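These figures come from a predicted structure and were not determined experimentally. Throughout, protein chains are lettered first and strands after them, A, B, ... in sequence-line order, and every chain is numbered starting at 1.
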Number of protein chains: 2
Amino acid sequence: MRVHDLLKELREEKAAKIVLLVADGLGGLPLTPGGKTELETARTPNLDALVRDGTCGLSTPILPGITPGSGPGHLGLFGYDPLEYRIGRGILEALGIHFAVGARDVAARGNFCTVDAAGLITDRRAGRPTTERCAAMCEKLKQIRMPGVDIFVEPVKEHRFVLVLRGDGLGDAINDTDPQQTGHAPLEAKGADAASHKTAGFVNRFVAEAGRILKGDPPTNMVTLRGFARYPKIETMEQVYGLRACAIAVYPMYKGLARLVGMDVIDDLKTLPEQIQTLENLWPKYDFFFLHYKYTDSTGEDGNFPAKVEMIERFDAEVPKVRALKPDVLIVTGDHSTPSKLSSHSWHPVPTVLWADTCRTDAVTEFGEAACLRGGLGQFEAKYLMTLAIAHAGRLGKYGA
Amino acid sequence: MRVHDLLKELREEKAAKIVLLVADGLGGLPLTPGGKTELETARTPNLDALVRDGTCGLSTPILPGITPGSGPGHLGLFGYDPLEYRIGRGILEALGIHFAVGARDVAARGNFCTVDAAGLITDRRAGRPTTERCAAMCEKLKQIRMPGVDIFVEPVKEHRFVLVLRGDGLGDAINDTDPQQTGHAPLEAKGADAASHKTAGFVNRFVAEAGRILKGDPPTNMVTLRGFARYPKIETMEQVYGLRACAIAVYPMYKGLARLVGMDVIDDLKTLPEQIQTLENLWPKYDFFFLHYKYTDSTGEDGNFPAKVEMIERFDAEVPKVRALKPDVLIVTGDHSTPSKLSSHSWHPVPTVLWADTCRTDAVTEFGEAACLRGGLGQFEAKYLMTLAIAHAGRLGKYGA
């Protein structure tokens, strides 16, 4: 039986507030064997206090050894089996800029790039143009029209844009046209099935047109396309859990993921204090609050151990304001680990604390990887965290008589 | 989604060496409550040093409470779900003697036995004949021919031989003909489906012919057959993981298991130091090395606690030579527990240590059952160990964007 079907069967109405604080890439590694991780190094008095009153554990985002991208990592935290629901990069990117993608759409992530006179790529990111220039280039590309398909081109940031093709019978089994290295021309798009073959034809025509239009505009004189994806069929958190949910995130990707599972998404946020303020403002309006904090991941990706430590401490400083709202369930976790030592996402389990009045406290007294090993949640698959959350919120009835 | 499909999708090429040291039946039990197990009793300074730099845990071979045979135990360690892949004893036995079993074959394990004038079994192992006599008897049985099937009879050791039937449309749903007790005649073979019914006909005819041929040769004057099995469809470790793998084992069964998943198998090894020497010699040639150590299991099966302790200490003494090769990933585990107290395989989880530069060290400082409970790998299903191994080897890409 699918867990979602079970939850839909068992769920009950109850006024209760759940807060999911996601410190992206929270888990880490010690720089030397036996040393401390970033989280263990950081001074986190507020998280430690939460841990003392709560239950800890380590979350396995996908399966042992599997490193998740942001998409699968967050879907798991939202309670959607990341091996069942696969969301393509193009759709995530489109969602992230609030583009209203729908059932007839295929989306791709676009890059402006620089090509030489022979059409060979000399800079895959066109020297990272300003976002303003990106928008201006997209305006030019919007003039591209072709029969049988509607075309949308929207700027994202710097060299990145989104291409959406809308039509009937489109497919997304199409290769990336980005050759991933300089000195090569963009690749031809090819479809692996009939629908994708037809779609690849539109893509190649779009790229040819784009090349003609941008020719006089170096360094943004060509485009590559990646991550072709159709809009997935996915139930909303309201349909599955009966929760009115909202997302308080800064970065487009996470907003896109939240929108995909039906959360209301708050815009124009830039800092963590702004996010916390928004949480306070929206408190009466929702049952579930997803707050995403990016900088634990980005500092990890930079391989900057002390900076990640500092970002964790800044995050910790905001926790009392969340607790002051008196949520019924408060969870702090990450979507995956991003150890500074590796400068990348990793498969290592993620420290997690769940606080609720109904939680069985354990012996853990500080928030860290080694300490969480002794926690009451044990090592668990991330996809079960939401079930625990709604159970602790008193929103799940008994299974069977 | 099947994990192997996921791994095939995510795997990346990288020069990295993985060593899997399997001390067969490693896990044990204390003789008295609160006492120490064999592993906890043994002096293992080298394994303890590995543990201090690595991550520990307890491996559940199949499921809680399920005791594995050697086949499922090893398949799990090789990353093949032992509940999905079921390898019959006959096939294992054939593989163990290097018989080139193939897709059209049904194999069975044969025993020479002694029957009296009434045809009732008086010794199920025919007084354990010499292997030379076994070979001579097999030569006699090779003269058996029948239309519709090719018949192969090959000696194994003492009273044991392998029978292989090769033909089209054969089945393996056939009962053992060994009645498992003296005073009874060998049982008639019966097939549970049409293909197996046809095959059982060949089997009964073979047994009748064998009885006629061996009649004058007591004590080896009859045969029984067990573990009828078709050759399974199973992908190689190279196909699944992209690893060039080799097996450094002494006993046929383990060589057979390794060959089944496509490992190159080294022959004519007799001692652990020879195995280690072979590991050193082959170091440049493979990505993955499976080294099997038998005596932790056989001493456990003998119910000899102090002997098992000694065998663990001998195993420990060789560990520095393996570490000196500087593997990228080094795993020490067992395929199951064999507590001396039980004189048999058991279901108890198996102490495991994984060492890699990317492992998150835990608080465990000595290798033992109780200590491993506090380890970072937690209690995990054995089938995930290979996923962790290739992740730590840097041979797995990210899942999703």
Side-chain angles (χ1 to χ4, degrees), chain A residues 27-30 32-37 40 57-58 60-76 81-93 109 226-227 229 253 257 336-337 339 341-342 344-349 351 369-374 378-380, chain B residues 1-7 9-12 49-59 79 81 241 329 331 352 354-365 372-401:
Chain A
L29 282 176
T32 51
K36 289 185 172 187
T37 66
E40 289 165 350
L58 287 162
T60 298
I62 313 288
L63 286 176
I66 304 296
T67 297
S70 301
H74 277 83
L75 283 180
D81 186 338
L83 292 172
E84 182 182 347
Y85 297 95
R86 305 191 66 163
I87 316 298
R89 185 81 192 199
I91 292 295
L92 289 177
E93 202 78 3
R109 177 173 166 173
R226 295 193 286 164
M253 165 74 87
L257 282 160
H336 53 76
S337 292
K341 180 173 177 169
L342 304 183
S344 68
H345 291 198
S346 82
W347 62 91
H348 301 83
E369 287 80 353
C372 282
L373 264 179
R374 304 192 305 275
Q379 299 211 29
F380 62 93
Chain B
M1 177 176 214
R2 289 178 67 250
V3 174
H4 280 190
D5 292 333
L6 183 63
L7 299 183
E9 185 184 317
L10 301 182
R11 77 179 200 222
E12 292 177 352
L50 186 69
V51 158
R52 280 193 291 277
D53 297 344
T55 312
C56 289
L58 287 161
S59 160
D81 186 338
Y241 308 117
V329 182
I331 295 170
T352 301
L354 184 154
W355 178 92
D357 192 47
T358 46
C359 75
R360 189 185 274 165
T361 44
D362 51 35
V364 185
T365 56
C372 282
L373 265 179
R374 304 191 306 273
L377 297 176
Q379 301 210 26
F380 62 95
E381 290 181 60
K383 67 181 178 183
Y384 292 120
L385 196 56
M386 274 303 298
T387 307
L388 285 167
I390 55 173
H392 281 282
R395 295 180 66 108
L396 264 192
K398 191 160 64 173
Y399 172 65

For residues 381-398 of chain B, which residue pairs qualify under side-chain hydrogen bond (donor to acceptor under 3.5 Å, both in side chains), counting only residues two or more places apart or in two chains?
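For residues 381-398 of chain B, and leaving out neighbouring residues, the side-chain hydrogen bond (donor to acceptor under 3.5 Å, both in side chains) pairs sorted by first residue read A:Trp347-B:His392, B:Asp81-B:Lys383, B:Thr358-B:His392.
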Toward chain B, the part of [X] with a non-hydrogen atom under 4.5 Å:
X: A:His345; value: side chain
X: A:Pro64; value: both
X: A:Pro349; value: both
X: A:Leu58; value: side chain

Is B:Arg52 close to chain A through its backbone or its side chain, or both, or neither, when contacts mean heavy atoms under 4.5 Å?
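Neither part.
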Part of B:Leu7 within contact of chain A (heavy atom distance under 4.5 Å)
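Side chain of B:Leu7 only, per the 4.5 Å heavy-atom cut-off to chain A.
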Which pair of non-hydrogen atoms, one from A:Ser337 and one from A:Gly28, has the smallest distance, and what is that distance?
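Shortest heavy-atom separation between A:Ser337 and A:Gly28 comes out as OG-N, 4.2 Å.
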Heavy-atom pairs under 4.5 Å with chain A are the metric here; pick the option from B:Ile390, B:Asp362, B:Asp357, B:Asp53 that has the most.
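Heavy-atom pairs under 4.5 Å are most numerous for B:Asp357.
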Please rank B:Ala389, B:Gly394, B:Gly375 by heavy-atom pairs under 4.5 Å with chain A and give me the top one.
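Highest number of pairs under 4.5 Å: B:Gly375.
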Most heavy-atom pairs under 4.5 angstrom with chain B, which of [options]?
options: A:Gly378, A:Ser344, A:Pro68; answer: A:Pro68
options: A:Gly34, A:Ala370, A:Pro30; answer: A:Gly34
options: A:Pro61, A:Gly71, A:Pro72; answer: A:Pro72
options: A:Glu93, A:Met253, A:Arg89, A:Arg109; answer: A:Arg89

Is the side chain of B:Tyr399 donor-acceptor paired with the backbone N or O of B:Leu6 at a distance under 3.5 Å, no angle test?
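Between the backbone of B:Leu6 and the side chain of B:Tyr399 there is no qualifying donor-acceptor contact (under 3.5 Å).
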Report yes or no: does A:His336 contribute a side-chain atom to a donor-acceptor pair with the main-chain N or O of A:Ile62 at less than 3.5 Å?
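The answer is no, because no donor-acceptor pair under 3.5 Å joins these two groups.
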Take B:Thr352 and B:Phe380 through the test side-chain contact (heavy atoms from CB on, under 4.5 Å) and record every step on the way to the result.
CA-CA 10 Å; B:Thr352 301; B:Phe380 62 95; 3.8 Å; yes
Applying salt bridge (Lys or Arg N to Asp or Glu O under 4.0 Å) to B:Arg360 and A:Glu40, what does each step give before you reach the verdict?
CA-CA 12 Å; B:Arg360 189 185 274 165; A:Glu40 289 165 350; over 6 Å; no
Could you work out, with salt bridge (Lys or Arg N to Asp or Glu O under 4.0 Å) as the rule, every residue matching A:Glu84, not counting sequence neighbours?
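In terms of salt bridge (Lys or Arg N to Asp or Glu O under 4.0 Å), with neighbours along the sequence ignored, A:Glu84 is linked to A:Arg2.
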Stepwise side-chain contact (heavy atoms from CB on, under 4.5 Å) test for B:Leu388 and B:Ile331:
CA-CA 10 Å; B:Leu388 285 167; B:Ile331 295 170; over 6 Å; no
